[in-house]
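Scope of the values below: all heavy atoms of this structure, side chains included, with no hydrogens, waters or symmetry mates. Remember, it's 1-based here, ligands and their atoms both numbered in the order they're listed. Numbering starts at 1 and runs along the sequence shown.
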Amino acid sequence: MRPAHAVIDLDALRHNYRLARELGGGQALAIVKADAYGHGAVQCAQALANDVDGFGVACIEEALELRDAGIGNPILLLEGFFDADELPLIERHDLQFAVSADWQLDALERYAPGRPLGVWVKMDSGMHRLGFSPEEFQRAWTRLQGKPWVQAPLVAMTHFARSDELDSSRTGQQIAMFDATCASLHVEAVSMANSAGILGWPDSRRNIVRPGLMLYGANPFPAAQPQASRLRPVMSLRSQIIAVRDLAAGEPIGYGGGFITDAPTRVGLVAMGYADGYPQYAPEGTPVSVDEQRSRIIGRVSMDMLTVDLTHLPQAALGSAVELWGNEVSIDDVARHSHNSAYRLLTGLKRAPRSYLAPLT
Ligand SMILES: *Cc1c(COP(=O)(O)O)cnc(C)c1O
């Protein structure tokens with residue numbers, strides 16, 4: 001069997017969830033959209049189900065996948081419904097949803113759900129993506145309050161555009177805008193913080209936090225941060241050395257021949273490529289680990305294989321264990337080297353099968 005695979009440590013996931021909730025100080029909705037950022041939504045949700053206050057997903061398809069797997073916890077559709085015809089399913093499966101546009105309120109009033117549903121009202125406090133402007137927000141809030149089909153409490157939510165930049169004034173401005181807009185309304189439940197908010201912006205923590213990336217052990221900030229350093233990596237992307245060759249100085253390696261050995265070089269071939277989600281343009285020097293020792297990518301990453309430098313690792317041989325990211329090689333380092341983000345690397349995992357450590361509590 002091809003040795004490329006991802007090992008998902010569900011104990012680490014639970015540890016990171018507990019850290020998010022401890023820092024948040026209230027409830028924490030585990031964000032498991034995009035197949036739990038590439039980690040497997042059903043397995044991750046099952047691992048958290050006993051602990052969790054609820055889950056957040058991007059769309060009803062993702063919510064139904066969890067319900068079909070027997071997940072009974074609260075589930076929030078972060079982007080609400082895309083079409084009014086989702087409302088019967090939302091009601092049947094008791095899904096919570098965000099609203100961010102008047103057409104959604106019109107559709108809800110027309111449908112008039114037969115039982116109370118969890119509704120989150122999303123304010124655009126400065127990101128300028130989804131959400132009501134502050135004035136529209138106040139009107140929407142008043143329009144929803146007291147409707148028999150709205151479960152108490154109605155939740156006021158907003159999302160940050162730049163909370164990963166700890167020196168930016170934008171997050172403070174977004175919080176101030178949000179608070180000012182809510183001040184004249186009767187608001188009992190508030191949700192603002194994503195991972196970067198939870199870790200780095202104490203004022204954003206409030207009643208309900210929404211950790212995504214941090215659950216999976218990656219750091220949302222561009223540099224080390226004290227709270228983020230308490231996270232444990234959840235995914236370890238692994239493979240093996242499948243061939244070794246000794247090259248003289250002056251020999252090109254791989255497609256394009258862009259890398260040329262400057263000395264006699266021992267090259268290891270690894271069964272892992274961009275079709276598995278490893279970044280195609282990870283440059284020479286991107287860290288990897290071979291038998292728990294640091295090495296580096298040399299030559300261009302191919303679809304199914306990549307090459308690493310074994311010159312200083314004489315004990316490495318056919319079958320040596322390789323970690324592309326995980327406990328020995330931080331995914332944040334790989335992201336930085338390849339001008340990517342941990343978000344993109346994790347959600348881009350493909351083909352390499354996943355296996356799970358510690359599936360039961
Ligand atoms: C994805 C998402 C989150 C989680 O963001 P992270 O940066 O991964 O923590 C939180 N809230 C909303 C609305 C989201 O779409």
Going by heavy atoms in the side chains, are Glu79 and Cys59 under 4.5 Å from each other? no
May I ask you to identify the nearest protein heavy atom to atom 11 (N) of ligand 1, giving residue, atom name and distance to one decimal place in Å? Arg210 NE, 2.8 Å
Nearest protein heavy-atom contact for atom 14 (C) of ligand 1: which residue, which atom, what distance? Lys33 NZ, 3.0 Å
Report, in ascending order of atom number, the atoms of ligand 1 lying under 4.0 Å from any heavy atom of Leu213. 6 (P), 8 (O), 9 (O)
Around Gln315, counting heavy atoms of other residues, nucleotides and ligands shown, do more than 12 lie under 6.0 Å from its CD? yes
For ligand 1, is there an atom lying under 4.0 Å from some heavy atom of Met214? no
Angle class for the Trp103/Phe81 ring planes (parallel below 30°, perpendicular above 60°, tilted otherwise)? perpendicular
Who gets closest to atom 4 (C) of ligand 1 by heavy atom: Tyr343, Phe160, Tyr37? Tyr37
I want to know if ligand 1 touches Gly212 in the polar sense, i.e. an N/O pair below 3.5 angstrom. yes
Quick one: does Ser195 get an N or O within less than 3.5 Å of an N or O on ligand 1? yes
Can you name the side-chain contact (heavy atoms from CB on, under 4.5 Å) partners of Ser302, sequence neighbours left out? Tyr255
Region of His159 that comes within reach of ligand 1 [heavy atoms, distance under 4.0 Å]: side chain
Pairing of Arg232 and Asp9 as salt bridge, 4.0 angstrom limit: yes
Contacts of Trp141 that satisfy ring pair (Phe, Tyr, Trp, His ring centres under 6.0 Å) - sequence neighbours left out: Phe137
